[in-house]
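Okay, so here's the structure we're looking at.
Not measured: the values here are computed from a predicted model. Order of the sequence lines sets the chain letters (A, B, ...), proteins ahead of strands, with each chain counted from 1.
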Protein chains: 2
Amino acid sequence: MAAREVPNIVISRLPLYLRALEFMQREGKQVVASRELAERLGVSSAQIRKDLSYFGEFGKQGSGYQVDHLILELKRILKVDREWDMALVGVGDLGRALVHYEGFKGKGFCISLLFDNNPEKIGAKINDLEIMDSRLISELIPKWGIKIAIIAVPPQEAQGVADELVKAGVLAILNYAPITLKVPKHVKVQYIDPVVHLQRMTYYIGGNN
Amino acid sequence: MAAREVPNIVISRLPLYLRALEFMQREGKQVVASRELAERLGVSSAQIRKDLSYFGEFGKQGSGYQVDHLILELKRILKVDREWDMALVGVGDLGRALVHYEGFKGKGFCISLLFDNNPEKIGAKINDLEIMDSRLISELIPKWGIKIAIIAVPPQEAQGVADELVKAGVLAILNYAPITLKVPKHVKVQYIDPVVHLQRMTYYIGGNN
DNA sequence: TAGATTGTTAATCGATTAACAATC
DNA sequence: TAGATTGTTAATCGATTAACAATC
């Protein structure tokens, strides 16, 4: 059954299911039960079945889920049955690593536009992609119809860049800068800050270093 | 009041509070009310007060929280009132970017050991840190007393590396490889996979690219 | 058929928040 | 004092899970 409002937390788990299924697909697995997928991911099988039930009935009693088919469905649901062009703002060490990152391939994403505000970088090329002047964000993003951007600039520049991106029509931002961004409600933001992730673990470490 | 079991979701928010407070501290702010901190972070003020109340009474009616003091308390609670040495396994583009990353400074973390299994990289130095043979994990990690590791190797190698790290005494892993790791219950793992984060947003993007 | 697993319900469990007495 | 904000309670809201009829 679709049409109900799907909780955000359910959506946030689907990419993990998809990732595990694609891994199993590469292993040659054709059918998988919720139980097995759940064990692999460290969640409960009921949760997987419930999550999927928001979108339809994809399984078969007695056997489980066709791996190929469920992958296609999940890609469709998550709208990664296409390739999204992305803009990357900030070509420092991290930005460069992201441009070289192989992991976007076949996952629905492609970095297609690079921006930086450093005159010494503007005009240079990385992987055949020219680094553009950040002042051209408002011109080039709409021109390319880009909806997703990655922010990899220093923290003090991040909010300004986000404002520019939103004005230019960006609807989703992956933010590597260690600040919480203020954006309009229609814009989604996901945060990646290694320090935050590390600080979420040290609380649980018993001894003293 | 302490002594109750603190929910994991509460712990996961404390680093965000800390980050925002340190930002305000740099701005010269001395006192902050839960209301203002909440607005900055896009959460409710009741949530911030409740979260903090798990650990003590840090505020003052009528005015709010002393920024400096709350920062110290949060650092103590999160055990980042010290500097944790970390091992980094996998010195590719991403690993290199992490070694150069300035953001760990003053946040409680320091990359102190590098590992790779590529003979051409072993022995080379990055930022005065020598890249060690991954086969030395079991020897060097206990020797250094390292409890935290970052995994930045290709996905097919990640589980094996994690097993090695756990055997060597690592208690917390920041995993950049796009797989779910199987680790014993006493080991904490945090995941960073840009693809997963991006796929959590595309669902909400209305149009077709 | 016999065995297995789904999709779904209802109960449980846990997190959020509105509200306010306490108090600075 | 008057105004503001905390810490906490109780109610609300939402997510998880155990269990099982349906069915492949």
Side-chain angles (χ1 to χ4, degrees), chain A residues 1-17 20-21 24 29-74 77 180 200 203, chain B residues 1-17 20-21 24 29-74 77 180 200 203:
Chain A
M1 293 273 92
R4 270 169 290 166
E5 185 65 34
V6 183
N8 181 68
I9 196 159
V10 171
I11 300 299
S12 77
R13 282 190 292 256
L14 300 187
L16 302 176
Y17 301 165
L21 286 162
M24 288 170 163
K29 201 157 188 57
Q30 305 205 333
V31 175
V32 68
S34 59
R35 175 91 191 285
E36 192 183 352
L37 187 56
E39 260 167 36
R40 196 106 161 198
L41 290 166
V43 302
S44 80
S45 65
Q47 180 162 86
I48 291 180
R49 295 198 302 277
K50 181 123 217 292
D51 285 354
L52 295 176
S53 78
Y54 280 98
F55 304 97
E57 310 192 355
F58 306 122
K60 199 150 79 170
Q61 284 101 327
S63 54
Y65 302 87
Q66 206 71 30
V67 173
D68 290 5
H69 180 246
L70 191 49
I71 287 173
L72 287 174
E73 291 286 3
L74 284 173
I77 293 165
T180 301
R200 284 174 177 165
Y203 174 82
Chain B
M1 294 279 93
R4 271 169 289 167
E5 186 65 35
V6 183
N8 181 68
I9 196 159
V10 171
I11 300 299
S12 77
R13 282 190 293 256
L14 299 186
L16 303 176
Y17 301 165
L21 286 162
M24 288 170 163
K29 205 158 183 53
Q30 306 206 331
V31 175
V32 68
S34 60
R35 176 92 191 285
E36 190 183 353
L37 186 56
E39 261 169 34
R40 195 104 159 200
L41 291 166
V43 302
S44 79
S45 64
Q47 179 161 86
I48 290 180
R49 295 198 301 278
K50 182 124 216 292
D51 285 354
L52 295 177
S53 78
Y54 280 97
F55 304 97
E57 309 191 357
F58 306 122
K60 197 150 78 170
Q61 284 101 326
S63 54
Y65 302 86
Q66 207 70 29
V67 174
D68 291 3
H69 180 246
L70 191 49
I71 287 174
L72 286 175
E73 290 286 3
L74 285 173
I77 293 164
T180 301
R200 284 175 178 165
Y203 174 82

- Nearest listed nucleotide, side chain of I9(A), among dT6(D), dA15(D), dT9(D): dA15(D)
- Let me know, please, whether S63(B) or R13(B) comes out on the 5' side of the other along DNA chain C by nearest nucleotide. R13(B)
- How about Y65(A) and L52(A): do any of their side-chain heavy atoms sit closer than 4.5 Å? yes
- Message: Between P on dT6(D) and CZ on F58(B), what's the gap in Å once rounded to a whole number?
- Response: 14 Å
- Distance test, side-chain N/O of S44(A) to OP1/OP2 of dT17(D), below 4.0 Å: yes
- Query: Is there a Watson-Crick or G-U wobble partner for dA21(C) with both distances under 3.5 Å, and which nucleotide is it?
  - Reply: dT6(D)
- Item | Whole angstrom value for the distance that separates P of dG7(D) from CG of L37(B) | 13 Å
- Are any of Y65(B)'s side-chain N or O atoms less than 4.0 Å away from OP1 or OP2 of dG7(D)? yes
- If you check the R49(B) side chain, which of dT17(D), dT8(D), dT6(C) turns out closest? dT8(D)
- Figure out the OH/P separation between Y54(B) and dT9(D), and round it to whole Å. 12 Å
- Choose from dA22(C), dT6(C), dT8(C) the nucleotide whose nearest atom is closest to any side-chain atom of Q61(A). dT6(C)
- Task: Could you let me know what dT12(D) is paired to, Watson-Crick or G-U wobble, both distances under 3.5 Å, or none if it's on its own?
- Result: dA15(C)
- Could you check how far CG of D51(A) sits from P of dT6(C), rounded to whole Å? 14 Å
- Taking all non-hydrogen atoms of both residues into account, name the closest pair between A38(B) and S44(B) and its distance. CB-C, 3.7 Å
- Task: Nearest-nucleotide wise, let me know which of S45(B) and K60(A) is further upstream toward the 5' end of DNA chain D.
- Result: S45(B)
- Note on the structure: Among dA22(D), dG7(D), dT8(C), the one nearest any side-chain atom of E57(B) is dG7(D)
- Atom CG of L52(B) to atom P of dT8(D): distance rounded to whole Å? 11 Å
- Quick one: are V10(B) and K50(B) in side-chain contact, heavy atoms under 4.5 Å? no
- Query: Counting any heavy atom closer than 4.0 Å, what does S34(B) reach on the DNA or RNA strands: base, sugar-phosphate only, or nothing?
  - Reply: sugar-phosphate
- Message: For A20(A) versus L41(A), what's the shortest heavy-atom pair and its separation?
- Response: CB-CD2, 4.0 Å
- Starting from P on dA15(C), measure out to CG on N8(B) and report it in whole angstrom. 9 Å
- Query: K50(A) has an atom NZ; how far is it from atom C1' of dC13(C), in whole Å?
  - Reply: 14 Å
- Item | Atom-to-atom span, CG of L70(B) to P of dG7(D) - whole angstrom | 10 Å
- Message: Is the shortest side-chain heavy-atom distance between R200(B) and L16(A) below 4.5 Å?
- Response: yes
